[in-house]
Amino acid sequence: MEHIHSSIEKILNRPDVAESVRQIEQRVLSHPGVVIFLRSHPEIDQRMIERGMLKLNEYAEQMDGNRIIPEKAVIEGYQPVLHLEKGQITVAYEKTEETRERENERALEKRFKSLFLPDEVRDANFSDFDLSTTDRKLALRAASQFLNSIRTKQPVRGLYLHGSFGVGKTYLLAAIGNALKKEKVAAILVHAPGFVSEAKRRIRTDSFDSFLEGFQTVPVLLIDDIGAESISPWVRDELFGIILQYRMMHRLPTLFSSNLSYDELELHFGITNDAGDKLKAMRLMERIRTTTNPIEFLGENRRRY
Ligand code: ADP
Ligand code: MG
């Protein structure tokens with residue numbers, strides 16, 4: 001080893017080689033990122049710089065100012081960062097700003113789930129919300145008050161949007177969902193009939209508990225078309241009952257849309273109408289009534305088919 005080392009030394013000491021090494025070193029030491037690093041560590045002395053020259057060079061070669069040069073990147077999506085560790089200059093690879101942003105975006109996409117909803121409302125938003133009738137204005141105001149409370153992290157009641165077929169309840173719910181997504185608030189928007197059949201499909205699988213927990217704990221839950229699902233004691237008591245009980249206790253808002261009023265929905269939950277069922281329907285409705293503000297849509301049917 002010793003003689004290899006000394007022959008390298010000899011080469012390095014040749015005047016022409018020494019000159020180009022000196023140039024590289026100068027380029028490295030005047031790299032803005034290296035300058036900032038050395039300035040922020042006044043304890044680094046000449047000897048440490050000489051020993052760390054390869055690391056400083058590795059850094060300087062990949063970086064233009066404080067940005068990675070993509071075609072020079074050693075690991076795609078990562079950039080070198082200089083560190084001082086026990087008196088030694090080292091390079092660590094960390095995710096670039098762009099990589100982190102991309103990952104955040106993806107995580108956010110996952111935080112907003114829309115299940116079993118028609119494509120036509122996927123891009124629903126408030127800017128093309130039709131305000132031709134008073135009830136629509138009231139609905140929009142309720143929606144924006146709800147979103148304001150969420151934005152400012154105030155406790156807030158959910159909404160119960162009801163009215164006949166085609167007046168725009170699903171559209172409004174989807175617009176609220178999309179606004180939550182923009183605010184980076186995790187939410188699930190689900191169509192009640194699809195949700196119930198999915199729950200029934202999962203009941204005997206290992207994934208049921210985590211499925212249920214997802215709906216219990218999501219910061220905002222939006223249930224479209226409640227009352228249109230096929231109801232059974234299990235759906236009422238073990239599915240909606242358990243989810244809404246949890247959400248009520250933890251003050252997590254739930255928004256509903258329905259073709260039915262509160263009273264009509266209570267009849268729907270009554271199933272057989274015997275005393276036991278009536279009581280259970282009343283109990284579930286109590287949870288919905290106490291956690292939502294009702295908004296009635298009167299407008300004309302907007303559907304053209
Ligand atoms: P509902 O859920 O009350 O039955 P929808 O929300 O499905 O009604 O609305 C019926 C139709 O009208 C849909 O095609 C929907 O995209 C459209 N629509 C509803 N509200 C609006 C709105 N404010 N602006 C634009 N289109 C709307
Ligand atoms: Mg609808």
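Index from 1, following the sequence.
No donor-acceptor contact under 3.5 angstrom links the side chains of Q88 and R51, judged on distance only. No side-chain donor from either of D263 and S261 sits under 3.5 Å from a side-chain acceptor of the other. A donor-acceptor contact closer than 3.5 angstrom is absent between the side chains of Q62 and E58.
The environment of CZ in R100 is crowded: more than 12 heavy-atom neighbours from other residues, nucleotides or ligands sit within 6.0 Å. Enclosure of atom CG in N13 by more than 12 non-hydrogen atoms of other residues, nucleotides or ligands within 6.0 angstrom is indicated. Atom CD of E19 has more than 12 heavy atoms from other residues, nucleotides or ligands within 6.0 Å.
For M63 against I69, the heavy-atom pair with the smallest separation is C-CD1, 3.8 Å. What you find for D274 and G276 is that their closest heavy atoms are OD1-N, 3.0 Å. Nearest approach of I295 to A142, heavy atoms of both residues: CD1-CB, 3.4 Å. Considering every non-hydrogen atom in both N293 and R157, the closest pair reads OD1-NE, 2.8 Å. A pairwise comparison of heavy atoms in R247 and P253 identifies NH2-O, 2.7 Å as the closest pair. Contact record, V218 with F215: CG1-O, 3.9 Å, taken as the closest heavy-atom pair.
Hydrophobic cluster membership differs between M248 and V190, with clusters built from Ile, Leu, Val, Met, Phe, Trp and Tyr side chains linked at under 4.5 angstrom. Cluster annotation: I223 is not connected to M249 through the hydrophobic network of ILVMFWY side chains, with a link wherever side-chain heavy atoms come within less than 4.5 Å. Transitive grouping of hydrophobic side chains (ILVMFWY, heavy atoms separated by less than 4.5 Å) brings I271 and I242 into a common cluster. A continuous path of hydrophobic side-chain contacts links W234 to L244 [ILVMFWY only; heavy atoms under 4.5 Å]. V74 and V81 sit in two unconnected hydrophobic clusters of ILVMFWY residues. Membership requires side-chain heavy atoms under 4.5 Å apart, directly or through other members.
Between N66 atom CG and T96 atom OG1 the span is 12.0 Å, to the nearest 0.5 Å. Separating the CG atom in L284 from the CD1 atom in I231 is a distance of 7.5 Å, to the nearest 0.5 Å. In this structure, F126 CZ and I176 CD1 are separated by 5.0 Å, a value rounded to the nearest 0.5 Å. To the nearest 0.5 Å, the span separating OG1 on T291 from CZ on R289 amounts to 11.5 Å.
With K169 contributing its side chain and S164 its backbone, the two residues share a donor-acceptor pair below 3.5 Å. The closest donor-acceptor contact from the side chain of E103 to the backbone of E101 lies at 3.5 Å or more, if one exists at all. Looking at D225, its side chain never comes within 3.5 Å of a backbone N or O of H191 through a donor-acceptor pair. Not one N or O on the side chain of D224 forms a donor-acceptor pair closer than 3.5 Å with the backbone of L222. Side-chain N or O atoms of D45 include one that pairs as donor or acceptor with a backbone N or O of M48 at under 3.5 Å.
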- request: Could you walk me through whether D237 and R283 pass the salt bridge (charged side-chain N to carboxylate O under 4.0 Å, His left out) test, one step at a time?
  value: CA-CA 9 Å; D237 307 327; R283 232 182 251 150; over 6 Å; no
field: L221 and I243: CA distance, side-chain angles, deciding distance, side chain to side chain contact (heavy atoms under 4.5 Å, CB included) verdict
entry: CA-CA 10 Å; L221 177 61; I243 290 172; 4.0 Å; yes
query: Given E198 and R201, is the salt bridge (charged side-chain N to carboxylate O under 4.0 Å, His left out) satisfied, shown in steps?
result: CA-CA 5 Å; E198 179 66 15; R201 201 179 64 74; 2.9 Å; yes
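Ring pair Y59/H31 is perpendicular by interplanar angle, where above 60° counts as perpendicular and below 30° as parallel. Below 30°, between 30° and 60°, or above 60°: for Y246 and H250 the angle between ring planes is below 30°, a parallel geometry.
Between N125 and N178 there is no side-chain heavy-atom pair separated by less than 4.5 Å.
Taking Y262 as the reference, Y160 meet the ring-ring contact (aromatic ring centres under 6.0 Å, His included) condition, with sequence neighbours excluded.
Each of V220, L180, V185 was scored for a side-chain contact (heavy atoms from CB on, under 4.5 Å) with L147, with one residue passing: L180.
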